[in-house]
Amino acid sequence: MSSLSVRHLLGIKELSVKDIELIFSTADQFKEVLQRPIKKVPSLRDITIANVFFENSTRTRLSFELAEKRLSADVVNFSASSSSVKKGETLLDTVQNILAMKVDMVVMRHSSPGAPHFLAKHIQANVINAGDGTHEHPTQALLDAYSMREKLGDLGGKRVAIIGDILHSRVALSNIFLLKKMGAEVMLCSPPTLLPKYVGQLGVQITYDVRRALAWCDVANVLRIQLERQQIKYFPSLREYSLYFGINKAMLDALDRPIVLMHPGPINRGVELSSDAADSHHSIILDQVENGVAVRMAVLYLLAGQR
Ligand code: CP
């Protein structure tokens, strides 16, 4: 059997094209399993996985838990808001205590960029980054690319516009790394204040005109305005953002070729996307969520295979 070149999934940056293709072909097999009446396989029967979430999550947390249970792993869930972290316990102490209970893999979300990398240096268990601050969200990028590939075929030469709050988005960075590795062209579209200073080093096109981005791309991956990470005002008001950068169904219908609309969630309906766009035939947002389980099963299975 082929195996991944990494022991942990910390970011897309560390993955090779071969790793990504292996994850996709393994996810194809698990997607087939998920269509069966009995959606469970015994692949991780002897493996215990801790989902350690220091930040809120709906999709990623449920998707990982479901993927782990479909693979027959034993699962424990940890939420910082109801834990001894509130009493001052450190990240390393918290995780060492969880590992003392014989945990094999840790899926971690944390608000600090690099937190999963720090953990991976100090523990024996495999670490999977489920989102570290504004840095990376590798399984989201993998499921996004998997969903694009399912809809459009090979990603080589495909045009993907990432529209929204790029500055605060780990989804944007992981998507850019992955799409570039797979030969896609990437355009970023946001107000200039919501682009990172290092954007010139990413090898992407930039526009401040959402209509130009939509006319250019095969796929529009729309991102949420992350107000919880904004200490200063980056634009005058949400109403003004929506007027200049918001996407509605009429804008998508008016294009002279098909467009695939994506969003990693959670959606701020009426800000970056109108409800009629999010729920339109252009959208594959719920396909992304469905594919997330198969892609995360593939990642867990392949990392466990190295033990
Ligand atoms: N896409 C994503 O990471 O969503 P959650 O924050 O709900 O996990």
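In each ligand, atom 1 is the first atom listed, and ligand 1 is the first ligand listed. Just so we're clear, the structure is a prediction, and the values are computed from it rather than from any experiment.
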Engineer: Give me the nearest non-hydrogen protein atom to atom 4 (O) of ligand 1 as residue plus atom name, then the distance to 0.1 Å.
Structural biologist: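 Result for atom 4 (O) of ligand 1: R59 NE, 3.1 Å.
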Engineer: Taking W216 as the starting point, is it possible to reach L152 by hopping between hydrophobic residues whose side chains are less than 4.5 Å apart?
Structural biologist: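 Result: no, two separate clusters.
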Engineer: Give a yes/no on ligand 1: does E55 have at least one heavy atom closer than 4.0 angstrom to it?
Structural biologist: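 So E55 does not count as touching ligand 1.
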Engineer: Do the ring planes of F245 and Y241 sit parallel (below 30°), tilted (30 to 60°) or perpendicular (above 60°)?
Structural biologist: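 Rings of F245 and Y241: parallel, as their planes differ by under 30°.
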Engineer: N/O of R170 under 3.5 Å from N/O of ligand 1, yes or no?
Structural biologist: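 No, since none of the N or O atoms of R170 sits under 3.5 Å from an N or O of ligand 1.
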Engineer: Any Lys/Arg nitrogen of D28 or R149 sitting under 4.0 Å from an Asp/Glu carboxylate oxygen of the other?
Structural biologist: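 Yes, charged N to carboxylate O under 4.0 Å.
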Engineer: Quick check: is M101 connected to V75 through a chain of hydrophobic side chains (ILVMFWY, heavy atoms under 4.5 Å apart)?
Structural biologist: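 No, V75 and M101 fall in different hydrophobic clusters.
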Engineer: Quick check on contacts: which atoms of ligand 1 are under 4.0 angstrom from a heavy atom of T58?
Structural biologist: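 Contacts of ligand 1 toward T58, numbered from 1: 5 (P), 7 (O), 8 (O).
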Engineer: Ignoring angles and geometry beyond distance, decide whether Q140 reaches within less than 3.5 Å of ligand 1 through its nitrogen or oxygen atoms.
Structural biologist: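 N/O-N/O distance below 3.5 Å exists for this pair.
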Engineer: What heavy-atom pair brings K69 and K40 nearest, and what distance separates the two atoms?
Structural biologist: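 In terms of heavy atoms, the two residues are closest at O-CE, 3.1 Å.
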Engineer: Would you call G265 a ligand 1 contact, heavy-atom distance under 4.0 Å?
Structural biologist: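 Right, G265 reaches ligand 1.
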Engineer: What's the shortest distance from atom 6 (O) of ligand 1 to any protein heavy atom, and which residue and atom give it?
Structural biologist: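 It is R109 NH1, 2.9 Å.
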Engineer: Which atoms of ligand 1 sit under 4.0 Å from any heavy atom of T60?
Structural biologist: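 Selected atoms, number and element: 2 (C), 3 (O), 4 (O), 5 (P), 8 (O).
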Engineer: Does any N or O atom in P266 lie less than 3.5 angstrom from one in ligand 1, N or O only?
Structural biologist: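 No, no N or O pair falls under 3.5 Å.
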Engineer: Write out the residue and atom name of the closest protein heavy atom to atom 1 (N) of ligand 1, then the distance separating them to 0.1 Å.
Structural biologist: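 Looking only at protein heavy atoms, the one closest to atom 1 (N) of ligand 1 is P264 O, 2.8 Å.
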Engineer: Does D74 come within less than 4.0 Å of K102, counting only side-chain N to carboxylate O?
Structural biologist: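 Salt bridge flag = no for K102 with D74.
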Engineer: Just jot down the side chain to side chain donor-acceptor pair (under 3.5 Å) partners of D132, sequence neighbours excluded, or say none.
Structural biologist: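 In terms of side chain to side chain donor-acceptor pair (under 3.5 Å), with neighbours along the sequence ignored, D132 is linked to N129, H135.
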